[in-house]
Protein chains: 2
Amino acid sequence: MSRSDEIVEVAQALLDEAGPAGLSMRAIATAVGIRAPSLYRHFPDKAAIEAALQERALLDLADTLAAAGPNLVPLAAAYRDWALAHPHRYALISGQALHRDRLPAGVEDAAAAPLRDAVHGDEDRARALWGLAHGLVELELAGRFPPGADIAAAWRAGMTAFGEHRRQGFRA
Amino acid sequence: MSRSDEIVEVAQALLDEAGPAGLSMRAIATAVGIRAPSLYRHFPDKAAIEAALQERALLDLADTLAAAGPNLVPLAAAYRDWALAHPHRYALISGQALHRDRLPAGVEDAAAAPLRDAVHGDEDRARALWGLAHGLVELELAGRFPPGADIAAAWRAGMTAFGEHRRQGFRA
DNA sequence: TGCGAAAGCTAACGGCGTTAGCTAAGGTGC
DNA sequence: GCACCTTAGCTAACGCCGTTAGCTTTCGCA
């Protein structure tokens with residue numbers, strides 16, 4: 001394993017346990033066993049390390065979604081489960097945090113493809129579905145739902161809306 | 001206008017033009033005409049200033065949504081329009097950024113109430129709808145949709161799903 | 001007139017990402 | 001075998017960040 005790979009590995013462990021706020025260059029370097037400036041021998045800046053983590057996370061998410069199959073309900077469940085299992089990774093790939101220009105082409109799309117397939121290529125409904133899943137995950141991770149809220153039921157309500165809609169062959 | 005109010009006013013202007021990243025204590029202080037440590041005469045810490053901005057933003061959003069009326073489509077349009085008009089304010093009240101423990105009681109709920117009313121008190125569907133709106137806004141603000149994407153059509157697709165669903169009296 | 005509170009100030013601390021510039025180790029060409 | 005260049009580490013430091021300590025000035029009021 002190259003030193004670069006080792007750094008990314010260590011950074012991912014640090015992200016998982018300490019969150020994005022704990023992912024400092026000094027912390028990564030210490031975990032590797034070197035000093036912060038030495039990291040710049042392997043990566044041009046912190047964003048490059050973050051981009052490597054984002055690539056990993058997106059590919060992992062894409063695999064997970066692909067493994068969930070083509071049906072809406074298990075697909076949505078896989079999306080939510082992945083986010084809840086890796087909340088800090090999800091935070092790293094959501095919002096403005098994504099270093100899109102540093103990611104290899106296709107990586108971002110790979111994670112979106114399963115959702116698009118689940119609505120049979122209808123781009124508008126795929127985007128709405130993505131928004132729904134992303135929004136529900138973000139609200140849940142941010143603790144915006146009151147304690148005791150039945151979040152699974154909210155997912156069911158959303159999925160039912162989209163599922164029924166599809167079964168009727170509706171077009172917006 | 002008290003000094004505290006002036007600070008919040010200036011901070012909001014700074015937020016609107018420079019975004020959350022530009023909202024530093026030194027920048028706020030300079031814009032007010034004082035030095036950063038003097039801000040601590042009026043607020044205990046930066047989070048308190050942010051909380052004041054969040055309260056303003058949430059109340060403004062709540063007013064905007066209330067003015068949009070009880071129907072789903074114009075309500076959703078108002079939500080999106082507000083977020084696009086004040087992207088940095090939206091960023092400040094979304095995600096983990098919210099200082100919930102520092103906000104006056106009811107402020108957060110005031111912004112959510114119109115969505116809940118629009119689905120006639122069905123909590124599960126209200127949360128799904130909130131997730132949909134929040135998610136679509138976040139994805140759009142983050143530039144996650146490809147250039148030229150018909151985002152309005154995605155909103156229509158989502159709203160149609162929820163709207164049709166309601167008209168049929170469906171329950172999840 | 002004196003006093004205390006309010007509100008400003010400078011200097012500084014420990015954190016951050018990052019840069020400049022030095023050094024030690026390892027391989028390669030003559 | 002020696003000179004040389006590259007690689008990968010290091011320390012010191014810069015300018016930013018939020019924040020604290022401690023000083024001064026001003027002002028209202030008894």
Side-chain angles (χ1 to χ4, degrees), chain A residues 1-56 88-89 91-93 95-103, chain B residues 1-56 88-89 91-93 95-103:
Chain A
M1 187 170 58
S2 76
R3 199 83 216 234
S4 303
D5 292 341
E6 186 191 353
I7 289 169
V8 173
E9 203 80 35
V10 160
Q12 174 154 247
L14 205 58
L15 170 69
D16 284 339
E17 70 191 36
L23 196 69
S24 75
M25 294 298 271
R26 286 170 174 84
I28 297 170
T30 298
V32 173
I34 60 178
R35 306 303 176 99
S38 301
L39 292 173
Y40 291 81
R41 295 284 165 189
H42 308 279
F43 293 90
D45 50 24
K46 188 187 179 186
I49 300 180
E50 289 172 344
L53 293 176
Q54 287 167 353
E55 182 186 347
R56 279 183 170 222
H88 296 317
R89 295 186 205 177
L92 203 68
I93 60 173
Q96 314 81 338
L98 245 201
H99 302 293
R100 315 181 77 198
D101 46 343
R102 302 183 184 237
L103 289 176
Chain B
M1 190 170 58
S2 76
R3 199 82 218 232
S4 303
D5 292 343
E6 185 191 353
I7 290 170
V8 173
E9 203 80 35
V10 160
Q12 175 153 248
L14 205 57
L15 170 69
D16 284 340
E17 69 191 37
L23 196 68
S24 74
M25 294 299 271
R26 286 172 174 83
I28 297 171
T30 299
V32 172
I34 61 179
R35 305 305 177 100
S38 301
L39 291 174
Y40 292 82
R41 296 283 165 191
H42 307 280
F43 294 90
D45 51 24
K46 188 188 180 186
I49 300 180
E50 289 172 344
L53 293 176
Q54 287 168 351
E55 182 186 348
R56 278 184 170 219
H88 296 317
R89 295 187 206 176
L92 204 67
I93 60 173
Q96 314 80 334
L98 244 201
H99 302 292
R100 314 182 79 198
D101 45 344
R102 300 181 185 239
L103 289 175

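Predicted, not measured: the structure shown is a model, and the values here were computed from it. Residue numbers start from 1 in every chain, and the chains themselves are labelled A, B, ... in the order their sequence lines are given, proteins ahead of strands.
Side chain of B:D5 to backbone of B:V8: no donor-acceptor contact under 3.5 angstrom is found.
The separation between B:H42 atom NE2 and C:dG8 atom C1' is 8 Å, rounded to whole Å. Between the C1' atom of C:dC9 and the OH atom of B:Y40 lies a distance of 15 Å, rounded to the nearest Å. Atoms CD1 (A:I28) and C1' (C:dG15) sit 15 Å apart, rounded to a whole Å. Taking atom CG of A:D45 as the reference point, atom P of C:dT18 lies 5 Å away to the nearest angstrom. The NZ-C1' distance, from A:K46 to C:dT19, rounds to 17 Å in whole Å. One interatomic measurement links the two molecules: CG of B:L39 to C1' of C:dA6, which rounds to 15 Å at whole-angstrom precision. For the pair A:I34 CD1 and D:dG9 P, the interatomic distance rounds to 5 Å; values are reported in whole Å. In this structure, CZ of B:R3 is placed 9 Å from P of C:dA7, rounded to the nearest angstrom.
For the pair A:I34 and A:R3, the minimum side-chain heavy-atom distance is below 4.5 Å.
Within 4.0 Å (heavy atoms only), B:L23 reaches sugar-phosphate atoms of the nucleic acid but no base atom.
Which of D:dG9, D:dT19, D:dC10 sits closest to the side chain of A:R41 comes down to D:dG9. Nearest nucleotide to the B:P37 side chain, out of D:dA8, C:dC9, D:dC10: C:dC9. Of the candidate nucleotides C:dT18, D:dG9, C:dA11, D:dG9 has the atom lying nearest to any side-chain atom of A:S38.
Evaluation of atom-type donor-acceptor distances gives a pair under 3.5 Å for the side chain of A:R26 against the base of C:dG17.
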Q: Give the intermediate values and the outcome of side chain to side chain contact (heavy atoms under 4.5 Å, CB included) for residues B:L53 and B:L23.
A: CA-CA 11 Å; B:L53 293 176; B:L23 196 68; 3.7 Å; yes
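Of all heavy-atom pairs spanning A:H99 and A:E50, the tightest one is NE2-OE1, 2.7 Å.
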